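Keep in mind it's a predicted model, so treat the numbers as computed, not measured.
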Amino acid sequence: MPARQHYAPPGPLGFGGAPLGNMFERVSDADAAATLQAAWDCGIHYFDTAPEYGPGISEHRFGEFLRNRPRDEFVLSTKVGRLLRADAGKGGQHGPFVAGLPFRVDYDYTADGVRRSIEDSLQRLGLARIDVAYIHDCAEDAHGPRWHEVFDTAMKGAAVALTKLREEGVIRAWGLGVNRVEPCVMALEQADPDVFLLAGRYSLLNQPALEELFPRCAERGAHVVVGGPYNSGLIAGGRNFEYQEASAEKVAARDRLAAIAKQHGVDLRAAALQFCAAPSVVCSVIPGTKNPQRVRENVELMRQPIPAGFWQALKQEGVLPEAAPVPGG
């Protein structure tokens, strides 16, 4: 399939919406609004959310903030593949999300499900359009051994519907929003996606996207939005890796990175963000936060100068693959 011009969300920084869905702990409406305002004031105008985040409360908060801004001044992505059904018995609990809206979450990767999902999202957002729709979690981590069957349904249903909506101008672009590389590669083989939101699979601690996915995207003119640049907070000094407590092995790998960073006078958080943004196929990096000050810090971290010797040391010591792109070439 020949390369065509694919739409890409703007970067280098965007805003990831999972924390504002009360991920792991409750966030007040006031703090959520202040965090979004800080992002806007810092020049971040790409926002990503999803029905699952909350469930529903992240989209609700994004819409409350964004609907008062000029629509052409921001880019908004959300996700399809899960429908929210009214269910007061759930108490707003879903996975790691606490105190969300009173919905249960049902998977639906069919064409009809996609159209329903987008309409529902627009209602929760209070907006007339979204820019990018990602097919959410059609991968092994969400569906286990039957994920190939789920993926096949998504390609025959969701991907076809989203391609039609793109052709009709209802959305600008579509892709997958996943935590695994394999479905992204398969989607490039079976359909014509524009952009992938890939979380946790390209970072200082983990680079499985480098070998196959990035070259495939370059060949096709597709793009990648990198989510989880801090690997659920571990690189930034936290204790979680991929949404759960980090193993001793991962903590040791982080500590090794931190030691090399200290030797070169580098803030490891700055290195993490800038490393993720370096590949040519990456259009945006979207760390999530629930803190206005952290938003401002991320913007400054993306600008901090990092000596070339730091990147050389990481490769010489085998911490990074030799082929990994680094800032400054």
Next on the checklist: Side-chain heavy atoms nearer than 4.5 Å, only ILVMFWY residues, links allowed to pass through others: does that put Tyr134 and Leu84 together?
Outcome noted: no
Next on the checklist: For Asp41, is there an ion pair with Arg69 - N to carboxylate O distance below 4.0 angstrom?
Outcome noted: no
Checklist entry - Would you say Val224 and Phe47 are hydrophobically clustered, going by side-chain heavy atoms of ILVMFWY under 4.5 Å? => result yes
Item to check | CD (Gln263) with more than 12 external heavy atoms under 6.0 Å | outcome: yes
Item to check | Verdict with reasoning, Phe15 to Tyr46, per side chain to side chain contact (heavy atoms under 4.5 Å, CB included) | outcome: CA-CA 6 Å; Phe15 188 97; Tyr46 170 41; over 6 Å; no
Checklist entry - Sub-3.5 Å donor-acceptor pair from the side chain of Arg256 to the main-chain atoms of Ala259, do we have one? => result no
Checklist entry - Is a donor on one side and an acceptor on the other found under 3.5 Å between the side chain of Ser232 and the backbone of Gly228? => result no
Item to check | Pair Phe97 and Phe24, ring centroids less than 6.0 Å apart | outcome: no
Next on the checklist: Please check if the number of heavy atoms outside Lys250 that lie under 6.0 Å from its NZ is greater than 12.
Outcome noted: yes
Item to check | Derivation and outcome, side chain to side chain contact (heavy atoms under 4.5 Å, CB included), residues Tyr202 and Phe214 | outcome: CA-CA 10 Å; Tyr202 194 73; Phe214 284 5; 3.7 Å; yes
Checklist entry - Would Arg166 and Arg172 count as a side chain to side chain contact (heavy atoms under 4.5 Å, CB included) if you check the C-alpha gap in whole Å, the side-chain angles of each, and the deciding distance to 0.1 Å? => result CA-CA 6 Å; Arg166 182 182 64 198; Arg172 292 185 180 187; over 6 Å; no
Next on the checklist: Tell me if the aromatic rings of Phe151 and His143 count as close, with their centers under 6.0 Å from one another.
Outcome noted: no
Checklist entry - Does the side chain of Asn240 pick up a donor-acceptor pair with the side chain of Gln244 at under 3.5 Å? => result no
Next on the checklist: Tell me if the CD atom of Gln123 is crowded by more than 12 foreign heavy atoms within 6.0 Å.
Outcome noted: no
Next on the checklist: Keeping His94 on the side-chain end and Pro55 on the backbone end, is there a donor-acceptor pair under 3.5 Å?
Outcome noted: no
Checklist outcome for this item: In Thr49, Asn22, Asp48, the residue satisfying side-chain hydrogen bond (donor to acceptor under 3.5 Å, both in side chains) with Ser58 is Thr49
Item to check | Ion pair check, Arg180 and Asp137, cut-off under 4.0 Å | outcome: no
Next on the checklist: For Arg116 and Leu83: C-alpha separation, side-chain torsions, deciding distance, then whether side chain to side chain contact (heavy atoms under 4.5 Å, CB included) applies.
Outcome noted: CA-CA 8 Å; Arg116 165 74 184 274; Leu83 293 176; 3.6 Å; yes
Checklist entry - Tyr109 and Leu162: same hydrophobic cluster, using ILVMFWY side-chain contacts below 4.5 Å? => result yes
Checklist entry - Do Ser121 and Glu59 have side-chain atoms, one donor and one acceptor, less than 3.5 Å apart? => result yes
Item to check | Arg294, CZ: over 12 other non-hydrogen atoms inside 6.0 angstrom | outcome: no
Item to check | Within 6.0 Å of CD in Glu249, more than 12 heavy atoms from elsewhere | outcome: no
Checklist outcome for this item: The side-chain contact (heavy atoms from CB on, under 4.5 Å) partner of Ile130 among Leu76, Val80, Val170, Leu165 is Leu76
Next on the checklist: Looking at Arg82 and Asp106, is any side-chain nitrogen of the basic one under 4.0 Å from a carboxylate oxygen of the acidic one?
Outcome noted: no
Item to check | Phe103 reachable from Val27 in the ILVMFWY side-chain graph, under 4.5 Å edges | outcome: no
Next on the checklist: I'd like to check the side chain to side chain contact (heavy atoms under 4.5 Å, CB included) partners of Ala258; sequence neighbours left out, ordered by chain and number.
Outcome noted: Leu268
Item to check | Atom NZ of Lys315 with >12 non-hydrogen neighbours under 6.0 angstrom | outcome: yes
Item to check | Donor on one side chain, acceptor on other, Ser203 and Tyr230, under 3.5 Å | outcome: no
Next on the checklist: If you count heavy atoms of other groups shown closer than 6.0 angstrom to CD of Gln304, is the number above 12?
Outcome noted: yes
Item to check | Leu188 backbone acceptor or donor facing Arg220 side chain under 3.5 Å | outcome: yes
Checklist entry - Which is it for Arg269 and Glu300 under the salt bridge (charged side-chain N to carboxylate O under 4.0 Å, His left out) test, yes or no, and what are the steps along the way? => result CA-CA 10 Å; Arg269 298 172 301 167; Glu300 291 304 315; over 6 Å; no
Checklist entry - If you take all heavy atoms of Leu176 and Ala187, which pair is closest and at what distance? => result CD1-CB, 3.9 Å
Checklist entry - For the residue pair His60 and Phe65, is the inter-centroid distance of their aromatic rings smaller than 6.0 Å? => result no
Item to check | More than 12 heavy atoms of other groups within 6.0 Å of Arg26 CZ | outcome: no
Checklist entry - Between Glu64 and Gly126, is there a donor-acceptor pair closer than 3.5 Å when you use the side chain of the first and the backbone of the second? => result no
Next on the checklist: Determine whether a donor-acceptor pair (N or O, by modelled atom type, separation under 3.5 Å) exists between the side chain of Arg67 and the backbone of Leu125.
Outcome noted: yes
Checklist entry - Going by atom types alone, do Thr289 and Asn291 pair a side-chain donor with an acceptor below 3.5 Å? => result no
Item to check | Hphob cluster co-occupancy, Leu66 + Leu20, side-chain heavy atoms under 4.5 angstrom | outcome: yes
Next on the checklist: I'd like to know if the side chain of Glu73 pairs up with that of His45 as donor and acceptor (distance under 3.5 Å, no hydrogens or angles considered).
Outcome noted: no
Checklist entry - Yes or no on salt bridge (charged side-chain N to carboxylate O under 4.0 Å, His left out) for Asp87 and Lys90, after CA distance, side-chain angles and deciding distance? => result CA-CA 6 Å; Asp87 188 345; Lys90 290 293 183 181; 5.2 Å; no
